[in-house]
Trainee: 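The structure's right below; bear with me while I get my questions together.
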Protein chains: 2
Amino acid sequence: MLKLAKLTDYATVLMTVLAAEPSAWASAQELAERSHLSLATTSKLLKQLARARLIEAARGVHGGYRLLRAPNQITVADVVDAIEGPIAVTECSSHTGGCSIEGSCGTRANWRLINTAIRGALEAVTLAQMTAPLRRSGSETPLTFHPRPASAPPARE
Amino acid sequence: MLKLAKLTDYATVLMTVLAAEPSAWASAQELAERSHLSLATTSKLLKQLARARLIEAARGVHGGYRLLRAPNQITVADVVDAIEGPIAVTECSSHTGGCSIEGSCGTRANWRLINTAIRGALEAVTLAQMTAPLRRSGSETPLTFHPRPASAPPARE
DNA sequence: CAATACCGGACCAAAAAGGTACGGTATAAG
DNA sequence: CTTATACCGTACCTTTTTGGTCCGGTATTG
């Protein structure tokens, strides 16, 4: 468990499809086909992604959607935020109050840390990396977690 | 979002309560009171934790529960596993098959990495740390994520 | 044998997630 | 200026998951 919503997963698929041709407009219809999702679901997700300002929308005959930032400037964390809202592993890991044992519970701070670490893991992977089949530099390539995703990985263009 | 179940949160509370006196037996009744949870819910969770071999149970008049390992040998990941089952951020991040776009989707490997990183974050925090109010060595203490925790491996049995 | 306590499920209600539908509005072509 | 395309907003419904409770059974102690 500790899984994220299916729709979030779908959203990342859509985003990677969009990342394949960053500057071209693609209609919801097209994207639905390419991602093997229903048009209705696709539309719903695209709307949410547009509202979160990850993609931009254009109406009209030749309208559609396209990324608003370069694939290496969009992280998985961005997509999760867009669909599920801010990450909060536990009730108390983000906002205070609402927990009945607030006073006696000394674990809040630790949850916050865990939360931050998880977010870091999601921020460490960009769309550009998701589209690339993963360069393997060994048998297993552990995901190194840098608090800030600084450098741009080699986009396959 | 990306939150873990409330019951998992409760379970960690129970575990920290147990960690306060690692060698003493405590009945479900007692634990329920100390954790401010209902007896029914407490029992259910304790049963699951016992089945996962994180705690041991003793029946009879002076029975109860207690930790099966030292507080610094039990991680948050263990508790999550016990209550929610193995961590799997997406459908495809653990087992193969079942995904309709399995073939065309090049993101599986990356999800696996993200999954591993998240698990690492959960494995990096032990019960002992959860009970301690967190030693702060600065303004903010970021949780350093080591892909492989050297000193305290999870090693479930 | 009686009181204490854990064991194993079944069960249910509430909440969340997944998915669909529909009336509305902007754009561009003819 | 009409029409076809395509996004927009939101309401709606169905299914699944989650949270929580209850009960009959078994082991242990005195």
Trainee: Quickly, which of A:Leu46, A:Leu49, A:Leu127, A:Leu18 forms a side-chain contact (heavy atoms from CB on, under 4.5 Å) with A:Leu54? Name it, please.
Mentor: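 For A:Leu54, the side-chain contact (heavy atoms from CB on, under 4.5 Å) test succeeds with only one of A:Leu46, A:Leu49, A:Leu127, A:Leu18, which is A:Leu49.
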Trainee: Would you please name every residue forming a salt bridge (Lys or Arg N to Asp or Glu O under 4.0 Å) with A:Arg59, sequence neighbours left out?
Mentor: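 Once residues adjacent in sequence are excluded, A:Arg59 has no partner under the salt bridge (Lys or Arg N to Asp or Glu O under 4.0 Å) criterion.
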Trainee: Between C:dG19, D:dT21, C:dG18, which nucleotide gets closest to the side-chain atoms of B:Ser38?
Mentor: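 Ranking C:dG19, D:dT21, C:dG18 by closest atom to the B:Ser38 side chain puts D:dT21 first.
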Trainee: C:dG18 phosphate, OP1 or OP2: any side-chain N/O from A:Thr41 under 4.0 angstrom?
Mentor: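 Negative; the distance criterion is not met.
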Trainee: Find every protein N or O atom lying less than 3.5 Å from an N or O atom of nucleotides 3-7 of chain C, and list the pairs.
Mentor:
unit_1, atom_1, unit_2, atom_2, d
C:dT4, O3', B:Val61, O, 3.2
C:dA5, OP1, B:Val61, O, 3.1
C:dA5, O4', B:Gly60, O, 3.0
C:dC6, OP1, B:Ala28, N, 3.1
C:dC7, OP2, B:Tyr65, OH, 2.9

Trainee: Round to the nearest Å and state the distance from A:Leu4 atom CG to C:dA16 atom P.
Mentor: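 From A:Leu4 CG to C:dA16 P: 18 Å.
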Trainee: What's the CD-C1' distance between B:Glu84 and D:dT17, to the nearest Å?
Mentor: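 That distance rounds to 12 Å.
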Trainee: What is the distance from CG of A:Leu14 to P of C:dG19, rounded to the nearest Å?
Mentor: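 Taking atom P of C:dG19 as the reference, CG of A:Leu14 is at 13 Å.
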Trainee: To the nearest Å, how far apart are B:Leu37 CG and D:dT18 P?
Mentor: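 Distance, rounded to whole Å: 18 Å.
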Trainee: Provide, to the nearest angstrom, the distance between the CD atom belonging to A:Glu56 and the P atom belonging to D:dC7.
Mentor: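 Rounded to whole Å, this separation is 13 Å.
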Trainee: Is there a side-chain contact between A:Ile114 and B:Leu122 (heavy atoms, below 4.5 Å)?
Mentor: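 Side-chain contact under 4.5 Å: yes.
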Trainee: Expressed in angstrom and rounded to an integer, what is the separation of A:Lys6 atom NZ from D:dT14 atom C1'?
Mentor: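 So the NZ-C1' distance, A:Lys6 to D:dT14, works out to 13 Å.
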Trainee: Just how far, in rounded Å, is C1' of C:dA17 from CD1 of A:Ile83?
Mentor: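 In whole Å, C:dA17 C1' lies 13 Å from A:Ile83 CD1.
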Trainee: Taking B:Arg66 for the side chain and B:Ala24 for the main chain, is one N or O donor matched with an acceptor at less than 3.5 Å?
Mentor: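 Side chain of B:Arg66 to backbone of B:Ala24: no pair is present.
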Trainee: Check for a donor-acceptor pair, side chain of B:Gln129 on one end and backbone N or O of B:Thr126 on the other, with a separation under 3.5 Å.
Mentor: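 Yes, B:Gln129 side chain to B:Thr126 backbone: donor-acceptor pair under 3.5 Å.
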Trainee: How close do B:Ala5 and B:Glu84 get, heavy atom to heavy atom, and via which atoms?
Mentor: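 For B:Ala5 versus B:Glu84, the nearest heavy atoms are N-OE2, 2.9 Å.
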Trainee: Give the rounded distance in Å between these two atoms: CG of B:Leu45 and P of D:dG19.
Mentor: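 To the nearest whole Å, that distance equals 10 Å.
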